[in-house]
There are 2 protein chains.
Amino acid sequence: MNQDGVDLETSLGYLLKEASSVLRSAMEEVLRPLGMSVTHYSCLELLAQRPGLSNSELARGAFVTRQSMNVLLQTLEREGYVTRPAEAPVGKALPARLTPRGRRSLEKATVAVRSVEVRMLAGMTEAEQAGAFRILQSMIRSLRDGNDGP
Amino acid sequence: MNQDGVDLETSLGYLLKEASSVLRSAMEEVLRPLGMSVTHYSCLELLAQRPGLSNSELARGAFVTRQSMNVLLQTLEREGYVTRPAEAPVGKALPARLTPRGRRSLEKATVAVRSVEVRMLAGMTEAEQAGAFRILQSMIRSLRDGNDGP
DNA sequence: CAACGTATGTCAGAATGCTGACATGAATCA
DNA sequence: TGATTCATGTCAGCATTCTGACATACGTTG
């Protein structure tokens, strides 16, 4: 009914939230046929690119708590996508790794997610993409610095 | 431990998720002292800028399902921040409006959230902000078009 | 007019993520 | 060395959001 923009339409924060929401929906849509959630995929992708990450490190990389990541990891371990040693080689951190099955499962997901990212960047020049990259990093840094800052 | 970036560090989608996550955390941090969640604030802000929005419209504006927004609205109504007519003036949609109490509550929250947004934009020129705006809108449009598209 | 499709509000159950808490291992420091 | 501080893994309970379903209201279309 009321479709005229007021001020929310000029807020970068709101636009950022909207973009993130749309991206998440698009990813869920292409991952659903594979029986995979976004966090699920994120976990596998992180492990593929940085083998041996611990539960806590995976949690930070996927932007969830380590408790949430833990239940996911236990499921993935039980179903044979991931392995963790029974004992920690050092400290308490258990380095996780993909199994061949995990790698196979990830391959299809990666293709699907890549297609979403390609679609998202359609119509943007390389220069614009580079600009977006710098700007987002600037936002992240500014917000982080103010938090637990100096 | 492993802090070297691989490929995730070059993905705009990942960076977008990270920025959104950091923004959300920052907002939660400043809203918590006010006893308000991000969705809570979003609802009030939407109603302030577009009085008479229905539950479903608020849900779309806050990027949650209408079921989730409904439970929030019922709470806000019960606590006197929002009013809805007992019967729909047309159709089934119940236009919601802020009460004076809701407006007062929103005022403090708006100040807090503005400060976060200002911090986020620190170090960015107006031109960069305008660029970020265009880029995010382009991403949103591209993702939407591919979805329920043509 | 009647049938259909779409949008809405709402209830109930399920899933997902979070907060709180505890024990353990390592690093730091007095 | 002993105490403190911090990070980690994990368990339990709670909160929030989502999915599924149903009834109702309006617009469109035959």
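A note on names: the letters A, B, ... follow the listed sequences, proteins ahead of strands, and every chain is numbered from 1.
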Checklist outcome for this item: Atom CD of A/Glu28 and atom P of C/dA15 are separated, to the nearest Å, by 16 Å
Can you name the atoms? Protein N/O to nucleotides 23-29 of chain D N/O, anything below 3.5 Å, with the distance.
{"residue": "D/dC26", "atom": "OP1", "partner": "B/Gly91", "partner atom": "N", "Å": "3.2"}

Name each donor-acceptor pair under 3.5 Å that joins a side chain in residues 108-118 of chain B to protein atoms two or more places apart or in another chain, with its distance.
{"residue": "B/Thr110", "atom": "OG1", "partner": "B/Glu45", "partner atom": "OE1", "Å": "3.2"}
{"residue": "B/Thr110", "atom": "OG1", "partner": "B/Leu106", "partner atom": "O", "Å": "3.0"}
{"residue": "B/Arg114", "atom": "NH2", "partner": "A/Asp7", "partner atom": "OD2", "Å": "3.2"}
{"residue": "B/Ser115", "atom": "OG", "partner": "B/Ala112", "partner atom": "O", "Å": "2.6"}
{"residue": "B/Glu117", "atom": "OE1", "partner": "A/Ser11", "partner atom": "OG", "Å": "3.2"}
{"residue": "B/Glu117", "atom": "OE2", "partner": "A/Ser11", "partner atom": "OG", "Å": "3.0"}
{"residue": "B/Glu117", "atom": "OE2", "partner": "A/Leu12", "partner atom": "N", "Å": "3.2"}
{"residue": "B/Glu117", "atom": "OE2", "partner": "A/Gly13", "partner atom": "N", "Å": "3.4"}

Item to check | Rounded interatomic separation in angstrom, taking NE2 from B/His40 and P from D/dT17 | outcome: 12 Å
Next on the checklist: Going by ring-ring contact (aromatic ring centres under 6.0 Å, His included), name the residues that satisfy it together with A/Tyr14, two or more places apart in sequence or in a different chain.
Outcome noted: B/Phe63
Checklist outcome for this item: Walking DNA chain D from its 5' end, the first of A/Pro95 and B/Ser37 to be reached, judged by nearest nucleotide, is A/Pro95
Checklist entry - Under a 3.5 Å cutoff on both atom distances, Watson-Crick or G-U, what's the dot-bracket for DNA chain D ([ ] crossing, | other strand)? => result ||||||||||||||||||||||||||||||
Next on the checklist: Going by the rule side chain to side chain contact (heavy atoms under 4.5 Å, CB included), which residues pair with B/Gln67 if we only count those two or more places apart in sequence or in a different chain?
Outcome noted: B/Thr65
Checklist entry - How is A/Thr39 classified with respect to the nucleic acid when contacts are heavy atoms under 4.0 Å: base, sugar-phosphate, or nothing? => result sugar-phosphate
Item to check | Candidate pair B/Arg134 and A/Glu128, rule salt bridge (Lys or Arg N to Asp or Glu O under 4.0 Å), full reasoning | outcome: CA-CA 10 Å; B/Arg134 281 190 312 105; A/Glu128 284 174 326; 3.6 Å; yes
Checklist entry - Considering residues at least two apart in sequence or located in another chain, which fulfil the side chain to side chain contact (heavy atoms under 4.5 Å, CB included) criterion with B/Ser20? => result A/Ser20
Item to check | Distance below 4.0 Å between B/Arg84 side-chain N/O and C/dT10 OP1 or OP2 | outcome: yes
Return all side-chain donor-acceptor pairs below 3.5 angstrom for residues 91-100 of chain B, not counting sequence neighbours, or 'none' if the list is empty.
{"residue": "B/Thr99", "atom": "OG1", "partner": "B/Gly80", "partner atom": "O", "Å": "2.6"}
{"residue": "B/Thr99", "atom": "OG1", "partner": "B/Tyr81", "partner atom": "O", "Å": "3.3"}
{"residue": "B/Thr99", "atom": "OG1", "partner": "B/Arg101", "partner atom": "N", "Å": "3.4"}
{"residue": "B/Thr99", "atom": "OG1", "partner": "B/Gly102", "partner atom": "N", "Å": "3.0"}

Next on the checklist: Checking A/Arg24 now: which residues fulfil side chain to side chain contact (heavy atoms under 4.5 Å, CB included) with it, not counting sequence neighbours?
Outcome noted: A/Glu28, A/Val38, A/Thr39, B/Lys17
Checklist entry - Which heavy-atom pair separates B/Val71 from B/Ser68 by the least distance, and what is that distance? => result CG2-O, 3.1 Å
Item to check | d(CD, A/Glu87; C1', D/dT10) in whole Å | outcome: 16 Å
Checklist entry - Using a heavy-atom distance cut-off of less than 4.0 Å, which residues of residues 63-76 of chain A contact DNA chain D? => result A/Arg66, A/Gln67, A/Asn70, A/Gln74
Checklist entry - What integer distance in Å separates A/Leu58:CG from C/dG17:C1'? => result 16 Å
Checklist entry - Please, which pairs that meet salt bridge (Lys or Arg N to Asp or Glu O under 4.0 Å) have at least one residue in residues 33-43 of chain A, sequence neighbours excluded? => result none
Checklist entry - Residues two or more places apart in sequence or in another chain: which of them pass side chain to side chain contact (heavy atoms under 4.5 Å, CB included) with A/Gln137? => result A/Phe133, B/Leu15
Checklist outcome for this item: B/Arg32 CZ to C/dC18 P, in whole Å, measures 13 Å
Checklist entry - Residues two or more places apart in sequence or in another chain: which of them pass salt bridge (charged side-chain N to carboxylate O under 4.0 Å, His left out) with B/Glu77? => result B/Arg84
Checklist outcome for this item: A/Leu94 atom CG is separated from D/dT8 atom C1', nearest whole Å, by 9 Å
Item to check | Atom pair distance, as rounded to whole Å: CG in B/Asn55 and C1' in D/dT17 | outcome: 14 Å
